[in-house]
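Just so it is clear, the values below take in all heavy atoms, side chains as well, and ignore hydrogens, waters and symmetry mates.
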Amino acid sequence: MVDQIDLVWPVLLPLGFAALTACLWGAIGAQRVVTIAGVIAQLYVSLRLLFTILETGPLAIQFGGWAPPFGITFVADALAAVLVATTGVVVLGVGLFALYDMRQRHAHSGYYPLFFGLVAAVNGSFLTGDIFNLYVWFEIMLIASLGLLAISRTPAQIDGAIKYGILNLFGTILFIFALALIYGSAGTMNMADLARILPELPLTPGVAAAALMLIAAFGVKAGAFPLFFWLPASYHTANFAVGAIFAGLLTKVGVYATFRVFTLLYEAEAPVFSLVFTGLAGTTMLIGVIGAVVQTNIRRMLSFLLVSHIGNMLMGLAIATPEALTGATFYIVHHIVVMANLFMVAGAIAAVSGSDNLGRIGGLLRSQPLLALLFLIPALSLSGVPPFSGFWGKFLLVDAAFRAESYWLAFIMLLAGFLTLYAVSRIWMEAFWKDAPIKLSARRRLPPVYAVSIAVLGAVTVGIGLFAQPLVELSITASAEMLDPASYVAAVFGEPEAVRLGESLPGETQ
Amino acid sequence: MSFLYAIAVAAYAGCGLYLMLSRHFMRVILGLALMTNGAILMIFFSGRLGSMMPAIIPFGDTALAFDAANSLPQALVLTAIVIAFALTAFTAVLAVAAYRRFGGLDIARIRAAEDLGSPFKPASRKYPSSKNREKKRHG
């Protein structure tokens, strides 16, 4: 019983801290202290959940004492637990970074409650075992992120929030339509129950349309090719800390939802889905990176790179072999840490040189050697240079692609990785090597909080790169669980007898 | 009855989509609201129409009557309505904020985020270059 309570803390704790910081609305100093305590506690409960799951296997908890298919369920398997743990790490890094980046006026606009609300929504989406509940977490995430995005209320942020909000809302409307079709066909919203019922149903137009709408809805969230335009239109307008938390977590929730639904409810190995996902992954990788190489603003470039690397993750689902899903899981974890870190480095560059526009900055290698080192770690990791974490992720994915004879996907991925290297070398040359075009009146110091938070995430990247084996083993477990929905179903329904009992009940009209 | 209901969902979604394709932000918001309503009707419909019996357990009984209405879609619809209300309110506030800053709601002309750090515009047109600034300072 104690073990099952662990499942709830990663959501309950940030919700509690959101309420607490909201109560301390006027006392900014107190909010900061509470936030430091909050992010450390968050890391603790997330890691605790991960270690519990490693010991016991998939766990589930039913709310309100309802029997499995009727109430809301929270489920944690290896994939969900490792993502929650990664979220805890990133939340610690960005939470520290924000202590300096978020000024008094941002705190007066409600930064801290929104931050914790976003964390709760992200963890809720990872842990929920009910597909309608997933929609609710998506909407909580959307409203919290809209508030965070427009927190300075500059014209650019209002414009960014319009584009971000409208396209994401459209995605969630598609999600509701798909939910209605699924409920109409299967009569349940519990994902474990759907995993038993949906594959047995004939492929009616309703079930097929629901699948396509889910791909579109999650594609909007994840930033897949034809639907990613909100992302580079808004992320560069956000404040730096906000941009970092968005880049690290939001799109990955969409990717996670795609993985969950298309391994549990539908079978990604089906030819039609593998065709769709291959197309999505290939185009997303290429278009994203081509968009990135022309950019001159660091965060716009990173936004396009983020889109491109979403394609790498979807590639795992396009191939859908155990090796590919292992690689994709590893890649998601690596990418969350690295992308959040790079957006924080962009903030640090802007703090010491006054801009994040490549044309207006330079000479940072001489003036800020420490920052140069801190930039190199995530940048090289992103482009897949050994010994950093990105190399292993790409190695696993390319290896899986060759084994499955998807040579084109492997080729596109390697090309995109090469162009990624080109893009980040442009940042390196323009920002760090060339002489500064504008002489700053006074030399600015890198805020120590920035250096610490960037170094923490950089250390995680190096750690994953040098000691990849534990995470690879974890990814293997996650991919095995994804390909075998029975373990997920068993975690929710418990003993096989209970499953039979659930079947004998006449639906909701018992 | 079912056919009529399906037509209503289609009409809501179609009108909403049409309005969303407009360039005027206010119309886009109205389109979103209409489309959400279509989706909500559809959830309601997915629980099957037919029974008019309220899903309430009569006093003394321990279970629902067999022909009671399906109460789950009602709960889902309530949740969706509340969320849609909050998000529509937020987008309306966003429209007010945009109107104050840009003086209009034509989305094609709201380009503040697009211009910020755009590679397709010479930086000198947006910001005065360092030379100009020097000149201004000295002259």
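- The backbone N or O of A/Arg153 lies less than 3.5 Å from a partner atom in the side chain of B/Arg101, making a donor-acceptor pair.
- Contacts of B/Phe44 with chain A are absent, with no heavy-atom separation under 4.5 Å from either backbone or side chain.
- When heavy atoms are compared at a cutoff of 4.5 Å, B/Thr91 approaches chain A solely by way of its side chain, counted from C-beta outward.
- Proximity to chain A involves both the backbone and the side chain of B/Leu76, based on heavy atoms less than 4.5 angstrom apart.
- Listed for the B/Thr79 side chain is a donor-acceptor partner under 3.5 Å among the backbone atoms of B/Ala75.
- Here the two rings, on A/Phe132 and A/Tyr135, have centers that are under 6.0 Å apart.
- The candidate from A/His236, A/Gln295, A/Met189 with the greatest count of non-hydrogen atom pairs under 4.5 Å with chain B is A/His236.
- Of the atoms belonging to A/Ser355, not a single heavy atom falls under 4.5 Å from chain B.
- Looking only at distances, a side-chain donor or acceptor of A/Ser353 sits under 3.5 Å from a matching main-chain atom of A/Ile349.
- The residue among A/Ile166, A/Val294, A/Leu179 with the most heavy atom pairs within less than 4.5 Å of chain B is A/Ile166.
- By the neighbour-count criterion of 12 heavy atoms within 6.0 Å, atom CZ of A/Phe63 is densely surrounded, having more than that number from other residues, nucleotides or ligands.
- Applying the 6.0 Å contact sphere to CZ of B/Phe85 captures no more than 12 heavy atoms from other residues, nucleotides or ligands.
- The residue among B/Ile107, B/Val9, B/Thr36, B/Leu87 with the most heavy atom pairs within less than 4.5 Å of chain A is B/Leu87.
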